[in-house]
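In what follows, residues are counted from 1 in the order of the sequence shown. Keep in mind that the numbers below use all heavy atoms, side chains included, and drop hydrogens, waters and symmetry copies.
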Amino acid sequence: YRELLCAPHTLRPGLTELIRRERRAPAGTGHIVMKMNSLGDPDMIDELYEASADGVRVELLVRGICCLRAAVPGLSENITVRSVVGRYLEHSRIYRFANGAGPGEPVHYMGSADLMPRNLDRRVEAMVPVLDENLKGRLDEILEIGLTDDALAWTLTDDTWSRVTRLN
């Protein structure tokens, strides 16, 4: 139970600390990948902006609502946002922090929470760390597929969505 991040008590502070660990990681090694349906919490967005300002690479897969402005010089130049919208609603939430367990020791979480105020503060939501190396590898594959999709993907620059150009 101590390993879970649960809203409304430990989820927000736990995610905040994981983001801040990436900011403190050795230069050039901070990397956050998050896959969710919605991103609208102002405090989490500010944490991601601060991570970007510190040189952390932030890659977001956000299916629906995204209130963050991506790739804005001086604000979020190290943040990319993609949305893959297809026939089926995607519900998985995956959060990966390259230095979450220490320098060069990634941690993966999966669970029910999007980064919305209601999910972080007013609902019971849970995120569980994935400890099995094979399962971590599978989560990395899922994230990579979403980050490289060119069939159904859109990318966000500032506040404008553009269709990703197909490679073939």
Quick one, [X] and [Y] - any side-chain contact, counting heavy atoms below 4.5 Å?
| X | Y | value |
| --- | --- | --- |
| Y49 | L68 | yes |
| R63 | M36 | no |
| V72 | D158 | yes |
| M110 | V130 | yes |
| P117 | N119 | no |
| L4 | M127 | no |

So, R69 and D159, do they make that salt bridge, N to O below 4.0 Å?
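Here R69 does not pair with D159 in a salt bridge, since their nearest N and O are not under 4.0 Å apart.
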In plain terms, say whether E133 and K136 are close enough for a salt bridge, that is, a side-chain N and a carboxylate O under 4.0 Å apart.
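Salt bridge: yes.
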Pairwise distance [atom1]([X]) to [atom2]([Y]) - rounded to 0.5 angstrom:
| X | Y | atom1 | atom2 | result |
| --- | --- | --- | --- | --- |
| L39 | L61 | CG | CG | 12.0 Å |
| D114 | R123 | CG | CZ | 9.0 Å |
| I32 | R23 | CD1 | CZ | 9.5 Å |
| S52 | L75 | OG | CG | 7.0 Å |
| L147 | I142 | CG | CD1 | 12.0 Å |
| S112 | R93 | OG | CZ | 7.0 Å |

Shared hydrophobic cluster, V107 / V33 (ILVMFWY, side-chain heavy atoms < 4.5 Å)
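No; tracing contacts between hydrophobic side chains, which count when under 4.5 Å, never links both residues.
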Among the clusters formed by ILVMFWY side chains lying less than 4.5 Å apart, do V128 and Y1 turn up in the same one?
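As far as the 4.5 Å side-chain criterion goes, Y1 and V128 are connected within one cluster.
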E47 and T16: side chain donor to acceptor below 3.5 Å
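Checked: E47/T16 side chains show no N/O donor-acceptor pair below 3.5 Å.
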Apply side chain to side chain contact (heavy atoms under 4.5 Å, CB included) to A25 and list each qualifying residue two or more places apart in sequence or on a separate chain.
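Side chain to side chain contact (heavy atoms under 4.5 Å, CB included) list for A25, sorted by chain: T29, N99.
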With a sphere of 6.0 Å drawn around [atom1] of [X], does it hold more than 12 non-hydrogen atoms of other residues, nucleotides or ligands?
| X | atom1 | answer |
| --- | --- | --- |
| M44 | CE | yes |
| L135 | CG | yes |
| E105 | CD | yes |

Should D41 and R12 be marked as a salt bridge (Lys or Arg N to Asp or Glu O under 4.0 Å) after you check the CA-CA gap, both sets of side-chain angles, and the distance that decides it?
CA-CA 10 Å; D41 184 79; R12 179 184 293 281; 2.8 Å; yes
So which atom in [X] and which in [Y] form the shortest heavy-atom distance, rounded to 0.1 Å?
| X | Y | value |
| --- | --- | --- |
| E22 | H31 | OE1-N, 3.0 Å |
| L60 | I79 | CD1-CG2, 4.0 Å |
| L156 | C66 | CD2-SG, 4.0 Å |
| L139 | I94 | CD2-CD1, 3.7 Å |
| W161 | V62 | CH2-O, 4.5 Å |
| S38 | M116 | CB-SD, 3.5 Å |

Which is it for Y109 and L18 under the side chain to side chain contact (heavy atoms under 4.5 Å, CB included) test, yes or no, and what are the steps along the way?
CA-CA 11 Å; Y109 280 85; L18 287 163; 3.7 Å; yes
If the test is side-chain contact (heavy atoms from CB on, under 4.5 Å), which one of L115, V58, L143 qualifies with M34?
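Testing M34 for a side-chain contact (heavy atoms from CB on, under 4.5 Å) against L115, V58, L143 leaves exactly one candidate, L115.
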Would the distance check show the side chain of [X] and the main-chain N or O of [Y] forming a donor-acceptor pair, the cut-off being under 3.5 Å?
| X | Y | value |
| --- | --- | --- |
| D54 | V56 | no |
| D132 | N134 | yes |
| E77 | G74 | yes |
| R163 | A151 | yes |
| R20 | L15 | no |

Start with the C-alpha distance between I19 and F97, add both sets of side-chain angles, then the distance that settles side chain to side chain contact (heavy atoms under 4.5 Å, CB included), and finish with yes or no.
CA-CA 8 Å; I19 293 168; F97 301 88; 3.9 Å; yes
Would N78 and S76 count as a side chain to side chain contact (heavy atoms under 4.5 Å, CB included) here? Give the steps.
CA-CA 5 Å; N78 293 312; S76 58; over 6 Å; no
Set of residues satisfying side chain to side chain donor-acceptor pair (under 3.5 Å) with respect to D140, sequence neighbours excluded
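With sequence neighbours excluded, D140 shows a side chain to side chain donor-acceptor pair (under 3.5 Å) to R96, H108, given in chain and number order.
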